[in-house]
Amino acid sequence: MILVLNGPNLNRLGTREPGIYGSMTLTQLEQRCEGWAKTLKLGVKCQQSNFEGQLLEWIQSASEQGFQGIIINPGALTHYSFALRDAIAGQDLPVLEVHLSNVHAREEFRHTSVIGAVCKGAIIGLGAEGYRLALEFFSDHLNATLERNDQVLPHPTRFA
Ligand code: DQA
């Protein structure tokens with residue numbers, strides 16, 4: 001089960017600066033994520049908030065809620081929220097940072113990510129595709145973990 005979090009202003013996708021973010025709405029993006037997750041046989045829950053504290057609380061409780069990984073597009077919080085960084089660093093799940101736009105080709109303040117160093121990786125500038133690739137990574141990553149466990153503890157029926 002993967003938690004997909006979108007931060008401030010991403011609820012306005014579709015109408016917000018379409019030249020940069022495209023015409024897809026947040027609802028459509030979340031529906032796509034659900035479709036991709038289904039194909040990959042992953043569970044997914046998509047949430048969006050304009051409030052930093054709400055995002056922190058979702059991150060803090062993700063593990064106990066049974067999530068196995070987090071995909072986050074923190075919007076502008078990416079560039080300055082040390083609280084968000086600490087929340088990610090203070091929990092055990094792998095986190096992938098996603099940005100729709102190529103932040104490196106935009107204003108200088110967007111070139112810095114204060115969460116990058118505490119995330120497993122980042123997918124930047126590929127639009128909605130970034131979320132699909134992040135889900136695919138988790139699908140492979142979770143399968144790889146299962147395979148590794150399988151090697152350590154082979155299932156008894158294998159020898160039946
Ligand atoms: C964004 C990039 C951020 O700089 C910006 O503040 C956003 C969206 C993106 O997905 O490209 O809100 O995270």
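Counting starts at 1 for both ligands and their atoms, following the listed order. Computed from a prediction, not measured in an experiment: that's the story for all the values here.
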Atom indices of ligand 1, in the order listed, that fall short of 4.0 Å to a heavy atom of His79: 3 (C), 4 (O)
Looking at every heavy atom in both Tyr131 and Cys33, which two are closest together, and how far apart are they? CB-SG, 3.8 Å
At under 4.0 Å between heavy atoms, which part of Asn9 makes contact with ligand 1: side chain, backbone, both or neither? neither
Under the side chain to side chain contact (heavy atoms under 4.5 Å, CB included) test against Leu93, which residue among Ile88, Ile2, Ile70 passes? Ile70
Would you compute the distance between atom CD1 of Ile115 and atom CZ of Phe82 and round it to the nearest 0.5 angstrom? 12.5 Å
Worked check of salt bridge (charged side-chain N to carboxylate O under 4.0 Å, His left out) between Glu34 and Lys38: CA-CA 6 Å; Glu34 283 158 12; Lys38 203 171 167 190; over 6 Å; no
Looking only at protein heavy atoms, which one is nearest to atom 2 (C) of ligand 1, and what is the separation? Val103 CG1, 3.6 Å
Tell me: protein heavy atom nearest atom 9 (C) of ligand 1, and distance? Leu100 N, 3.4 Å
Got more than 12 heavy atoms from elsewhere within 6.0 Å of CZ, Arg110? yes
In terms of ring plane angle, is the pair His79 and Phe109 parallel, tilted or perpendicular, where the classes change at 30° and 60°? perpendicular
Please confirm whether Thr78 approaches ligand 1 to less than 4.0 Å, judged on its heavy atoms. no
Using 30° and 60° as the class limits, which term best fits the ring planes of His141 and Phe137: parallel, tilted or perpendicular? parallel
Which residue supplies the protein heavy atom nearest to atom 11 (O) of ligand 1, what is that atom called, and how far is it? Ser101 OG, 2.6 Å
What protein heavy atom sits nearest atom 8 (C) of ligand 1, and how far off is it? Tyr21 OH, 3.5 Å
The closest protein heavy-atom partner of atom 5 (C) of ligand 1 is Arg110 NH1, 3.3 Å
Would you kindly specify which portion of Val98 sits under 4.0 Å from ligand 1, judged on non-hydrogen atoms: side chain, backbone, both or neither? neither
Smallest heavy-atom separation, Ala128 atom then Leu29 atom, equals CB-CD1, 3.7 Å
Evaluating non-hydrogen atoms only, which member of Thr112, Asn73, Ile20 is closest to atom 13 (O) of ligand 1? Asn73
Looking only at protein heavy atoms, what sits closest to atom 1 (C) of ligand 1 is His99 ND1, 3.7 Å
Neighbour count above 12 (heavy atom, 6.0 Å) for Glu108 CD: no
Considering both backbone and side-chain atoms of Leu10, is one of its nitrogen or oxygen atoms within less than 3.5 Å of a nitrogen or oxygen in ligand 1? no
Are any of the heavy atoms in Arg16 under 4.0 Å away from ligand 1? yes
